[in-house]
Amino acid sequence: MEKNFNNNYILPNNFYPINKFKNYLNTGIVRNYRKGDSVVSPGEIIDSVIYVISGKLGITFLTEEGKKRMMFHADAGTFVDRLFQSDDCLVHVVSEEDSIVCFFSKDQLLEMLQQDKEVLCEFITSYASKCGYFMHEAKEMALYNPSVRVLRLLYRLCLTKGELVNNTYEINIKLSQKAISEITGVHYVTVCKIFQNLRERNILRKTSNKIIIFELKKLKDLIDQEQGILNY
DNA sequence: CCATTAATATATA
DNA sequence: TATATATTAATGG
């Protein structure tokens, strides 16, 4: 297991995978969903852990005004906990791709964790990775203003996933402005303006599947100023 | 779908 | 009260 695994969960998906659950699929209930299918309706109580065998689930919650907000995505190997959560918000789980999932009840889960120490370790590690993501999220929201949050996300992505290619950093990642908006809580129009601004300053450029950073130091400087960067 | 732009409204320091 | 951010709506790739 890598050291520091807990620090590398920047995006709300690909949390630490629990591969050993695959050995116990026969003890749970396996179901197939098509893209767009609802897996758990808002308010529905299923008292299970939903393990994603393949595909991807999207977990959103409804605001009081009835608007949806993304919480995280559960990729293959990760899970959605609908067992230990205290439910004071309306969570909606939707299949974002054709997916195969396995429902484990509390008894089935506890049995696995008791039988197999490695499963226990993976489960805790996976939960910790998700917990770490949301703790970071809470800290960002509390300490930084919207545009700085976007800059910080880009900076962190560069440090962790950036590759130095002839004097520029390339982050090979498919990340839409809308996704960045969901992660940072910054309105998507504002995200668009931020990228426009960064492009004009020749600090970085984003394409649909790549972010190229020309001036990492300038990016850092903007973050350290702790101000908004949009001036019109 | 996703990104851009403008016009307008809120929010915040 | 100036600046930052959100909202809405229209438009284009």
Side-chain angles (χ1 to χ4, degrees), chain A residues 10-14 33-39 42 52 54-76 89-90 92-99 133-158 161-162 168-232:
Chain A
I10 297 176
L11 303 176
N13 63 345
N14 285 121
Y33 293 93
R34 305 292 299 279
K35 180 178 183 176
D37 285 351
S38 179
V39 179
V52 182
S54 68
K56 181 196 281 208
L57 304 182
I59 295 82
T60 59
F61 67 90
L62 298 174
T63 67
E64 312 217 332
E65 302 90 45
K67 291 185 177 177
K68 279 189 178 179
R69 280 204 56 174
M70 194 272 298
M71 245 194 281
F72 66 97
H73 306 274
D75 290 306
C89 59
L90 294 176
H92 192 191
V93 182
V94 174
S95 187
E96 295 184 340
E97 302 169 1
D98 290 356
S99 303
Y133 171 81
F134 284 109
M135 285 198 290
H136 182 269
E137 187 86 337
K139 183 190 130 195
E140 292 293 311
M141 294 298 287
L143 296 183
Y144 305 99
N145 67 33
S147 57
V148 174
R149 292 202 297 272
V150 174
L151 299 179
R152 286 173 56 85
L153 174 65
L154 295 171
Y155 188 71
R156 220 152 74 93
L157 281 173
C158 186
K161 301 181 200 286
T168 65
Y169 290 91
E170 290 193 4
I171 309 167
N172 277 289
I173 192 171
K174 201 167 180 178
L175 195 62
S176 68
Q177 292 188 5
K178 185 166 165 288
I180 293 173
S181 164
E182 289 172 340
I183 294 164
T184 58
V186 179
H187 196 270
Y188 66 93
V189 173
T190 306
V191 172
C192 181
K193 287 179 180 171
I194 290 169
F195 276 112
Q196 182 186 329
N197 195 294
L198 292 170
R199 211 185 312 128
E200 284 165 4
R201 295 180 193 232
N202 287 316
I203 293 176
L204 63 81
R205 179 162 60 83
K206 185 182 112 57
T207 65
S208 58
N209 48 13
K210 188 179 279 195
I211 301 169
I212 303 171
I213 300 185
F214 307 116
E215 302 272 7
L216 187 60
K217 186 177 179 306
K218 285 190 184 174
L219 179 61
K220 180 82 166 68
D221 290 343
L222 285 178
I223 291 170
D224 291 338
Q225 288 172 223
E226 298 205 356
Q227 297 165 3
I229 65 165
L230 306 174
N231 30 26
Y232 289 93

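Note that the structure is predicted; figures quoted are calculated from it, not measured. All chains are named by letter (A, B, ...) in the order of the sequence lines, taking the proteins before the strands, and each is independently numbered beginning at 1.
Taking atom NZ of residue A:K193 and atom C1' of nucleotide B:dT4, one finds them 10 Å apart after rounding to whole Å. Distance A:H187 NE2 to B:dA3 C1': 13 Å, rounded to the nearest Å. Computed from coordinates, the A:E200 CD to B:dT5 C1' distance equals 13 Å when rounded to whole Å. If you take CG of A:L198 and P of B:dT4, they are 12 Å apart, rounded to a whole angstrom. Look at CG on A:N197: it is 10 Å from P on C:dA4, rounded to the nearest Å.
Under the salt bridge (charged side-chain N to carboxylate O under 4.0 Å, His left out) criterion, A:R152 pairs with A:E140, sequence neighbours left out.
Crowding of A:F195 atom CZ: a count of heavy atoms from other residues, nucleotides or ligands under 6.0 Å exceeding 12.
Between A:E96 and A:K35 there is no salt bridge, since none of the side-chain N atoms of the basic residue sits less than 4.0 Å from a carboxylate O of the acidic one.
Phosphate contact (OP1/OP2 of C:dT5, side-chain N/O of A:N145, threshold under 4.0 Å): present. A close approach under 4.0 Å does not occur between any side-chain nitrogen or oxygen of A:R149 and OP1 or OP2 of C:dT5. Put simply, A:Q196 has no side-chain N or O that comes within less than 4.0 Å of OP1 or OP2 on B:dT4.
Take the nearest nucleotide of DNA chain C for A:P146 and for A:V189: the residue whose nucleotide is more 5' is A:P146.
Contacts between residues 173-186 of chain A and DNA chain C, defined by a heavy-atom separation below 4.0 Å, involve A:G185, A:V186, listed by number.
Here A:Y188 lies in heavy-atom contact (under 4.0 Å) with a base.
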